[in-house]
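Here's the structure we're looking at; comments come further down.
Excluded from the calculations below are hydrogen atoms, water molecules and symmetry mates; all remaining heavy atoms, backbone and side chain alike, are included.
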Amino acid sequence: MPQSATAAPLAETASDAIEWVVAPGQTDYPAALAFMEERVAAIHEGRAPERIWLVEHPPLYTAGTSADPLELLAPDRFPVYDAGRGGRFTYHGPGQRVVYVMLDLSRRGRDLRDFVCKLEKWVIAALARFNVKGEMRDGRVGVWVTRGEAPFTREDKIAAIGVRVRRWVTFHGLSLNVEPDLSHFTGIVPCGISEHGVTSLVDLGLPVTMDDVDVALRESFEDVFGLPLVQPAD
């Protein structure tokens with residue numbers, strides 16, 4: 001059964017602490033979009049705290065605002081959703097940790113480029129805990145891993161980033177490949193980039209669980225963003 005994204009009521013007042021919430025099971029994508037829309041408005045109005053929300057989705061493709069229809073190679077393979085975020089086509093599915101980041105940048109410098117850079121640095125710091133060297137690339141948003149030995153190296157994407165901002169409150173976020181079915185990426189041109197591949201932690205030979213990744217992400221978030229996290233009361 002998909003996990004309902006709207007089960008928990010919004011808090012009545014905002015807090016300086018950022019909620020850290022891990023959703024059980026698989027979260028329905030339209031429900032996740034609806035929850036983020038509601039939560040972003042509540043954060044802007046001071047009715048709810050900021051939130052980092054970790055989910056898994058059933059297999060699906062999402063189209064960003066720059067998506068080219070020709071890059072959807074298998075339109076009938078999985079459901080396709082208009083995400084409303086920046087970027088092009090991407091895949092979400094079991095074994096991939098999707099992290100929705102709802103932060104109020106009006107309290108944090110109003111610098112969207114710095115925010116995206118911190119998302120990349122966050123993933124890189126989490127990967128380092130598994131002795132994986134993640135890298136940023138000019139002109140290619142996301143996190144990359146160099147594989148093989150020179151001169152026969154290649155770059156594979158391990159994490160994608162796509163964000164949206166409304167009234168300086170962010171939503172959407174990042175997806176980190178832990179153990180997804182990588183063949184599912186062949187139904188799209190991931191993020192519009194055909195000359196490089198995709199990988200995952202398990203594909204790199206690491207027996208890492210989703211719980212392991214969540215711990216690394218939580219520890220790294222406080223290191224990179226310097227912001228406190230709390231587990232909300234049920």
Side-chain angles (χ1 to χ4, degrees), residues 2-24 26-57 60-67 79-90 92 96-123 141-142 159-176 214 217-218 221-222 224-234:
Q3 173 70 14
S4 172
T6 56
L10 294 176
E12 292 297 324
T13 59
S15 165
D16 287 337
I18 298 167
E19 291 184 344
W20 178 270
V21 178
V22 180
Q26 294 181 11
T27 299
D28 177 70
Y29 190 75
L33 291 181
F35 176 85
M36 285 192 288
E37 290 278 349
E38 183 180 10
R39 189 57 174 247
V40 163
I43 291 170
H44 173 71
E45 295 164 6
R47 296 186 289 108
E50 299 161 294
R51 171 174 285 206
I52 309 297
W53 188 29
L54 290 77
V55 308
E56 279 184 271
H57 289 302
L60 57 94
Y61 297 128
T62 69
T65 54
S66 301
V80 181
Y81 297 99
D82 183 359
R85 53 159 176 79
R88 296 163 90 160
F89 280 105
T90 194
H92 295 317
Q96 182 190 70
R97 175 53 83 206
V98 178
V99 186
Y100 293 128
V101 183
M102 289 161 271
L103 296 181
D104 186 356
L105 295 188
S106 67
R107 303 170 58 193
R108 314 197 185 283
R110 295 194 176 191
D111 189 333
L112 182 57
R113 181 172 295 184
D114 177 70
F115 170 69
V116 172
C117 183
K118 282 183 176 176
L119 290 179
E120 292 173 323
K121 289 179 178 178
W122 179 21
V123 173
V141 175
I161 291 173
V163 300
R164 187 175 181 182
V165 178
R166 179 177 297 143
R167 296 177 178 176
W168 289 108
V169 180
T170 69
F171 53 129
H172 297 277
L174 64 91
S175 56
L176 174 59
D214 291 348
L217 285 169
R218 180 162 187 164
F221 180 85
E222 298 197 28
V224 172
F225 283 85
L227 301 173
L229 295 168
V230 297
Q231 197 80 22
D234 294 333

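- Summarising the geometry, atom NZ belonging to Lys118 is positioned 15.0 Å from atom CZ belonging to Arg113; distances are rounded to the nearest 0.5 Å.
- Ring pair His172/Tyr100 is perpendicular by interplanar angle, where above 60° counts as perpendicular and below 30° as parallel.
- Within the model, atoms CZ of Arg107 and CD1 of Ile43 stand 9.5 Å from one another, a figure rounded to the nearest 0.5 Å.
- Shortest non-hydrogen contact noted between Ala17 and Pro49 is O-CB, 3.8 Å.
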For this session: Given side-chain contact (heavy atoms from CB on, under 4.5 Å), test Trp122 with Val99 step by step and report yes or no.
Result: CA-CA 11 Å; Trp122 179 21; Val99 186; 3.6 Å; yes
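- Remark: of the listed residues Glu45, Glu19, Glu50, Glu19 is the sole one forming a salt bridge (Lys or Arg N to Asp or Glu O under 4.0 Å) with Arg39.
- Distance check: Thr27 OG1 to Trp53 CH2 gives 5.5 Å after rounding to the nearest 0.5 Å.
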For this session: Step by step, work out the side-chain contact (heavy atoms from CB on, under 4.5 Å) result for Gln96 and Glu56.
Result: CA-CA 6 Å; Gln96 182 190 70; Glu56 279 184 271; over 6 Å; no
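- Using a distance-only test at 3.5 Å, with no hydrogens or angles considered, no donor-acceptor pair links the side chain of Arg51 to the main chain of Ile18.
- The distance from atom CG of Leu174 to atom CG of Leu54, rounded to the nearest 0.5 Å, is 8.5 Å.
- Under the salt bridge (charged side-chain N to carboxylate O under 4.0 Å, His left out) criterion, Arg85 pairs with no residue, sequence neighbours left out.
- Panel note: side chain Thr170, backbone Val101; a donor-acceptor pair is recorded below 3.5 Å.
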Problem set entry | CA sep, side-chain torsions, deciding dist, call: Phe225, Leu103, side-chain contact (heavy atoms from CB on, under 4.5 Å) | CA-CA 11 Å; Phe225 283 85; Leu103 296 181; 4.1 Å; yes
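- At least one donor-acceptor pair closer than 3.5 Å links the side chain of Glu120 to the backbone N or O of Gly142.
- Between Trp20 and Phe221, the ring planes lie tilted relative to each other; the angle falls in the 30° to 60° range.
- We find that Asp104 and Arg108 are not joined by a salt bridge, their nearest charged nitrogen and carboxylate oxygen being 4.0 Å or further apart.
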Problem set entry | Verdict with supporting geometry, Leu112 and Val163, side-chain contact (heavy atoms from CB on, under 4.5 Å) | CA-CA 9 Å; Leu112 182 57; Val163 300; 4.2 Å; yes
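- Between Ala159 and Val123, the closest heavy-atom pair is CB-CG1, 3.8 Å.
- Between Leu227 and Glu222, the shortest heavy-atom contact is O-CG, 3.6 Å.
- Going from atom CG of Leu217 over to atom CD1 of Ile52 covers 10.0 Å, rounded to the nearest 0.5 Å.
- In the displayed structure, Arg166 atom CZ is contacted under 6.0 Å by more than 12 heavy atoms of other residues, nucleotides or ligands.
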For this session: Walk me through it: do Asp214 and Arg218 pass the test salt bridge (charged side-chain N to carboxylate O under 4.0 Å, His left out)?
Result: CA-CA 6 Å; Asp214 291 348; Arg218 180 162 187 164; over 6 Å; no
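- Atom NE2 in His57 sits 8.5 Å away from atom CG in Asp28 (nearest 0.5 Å).
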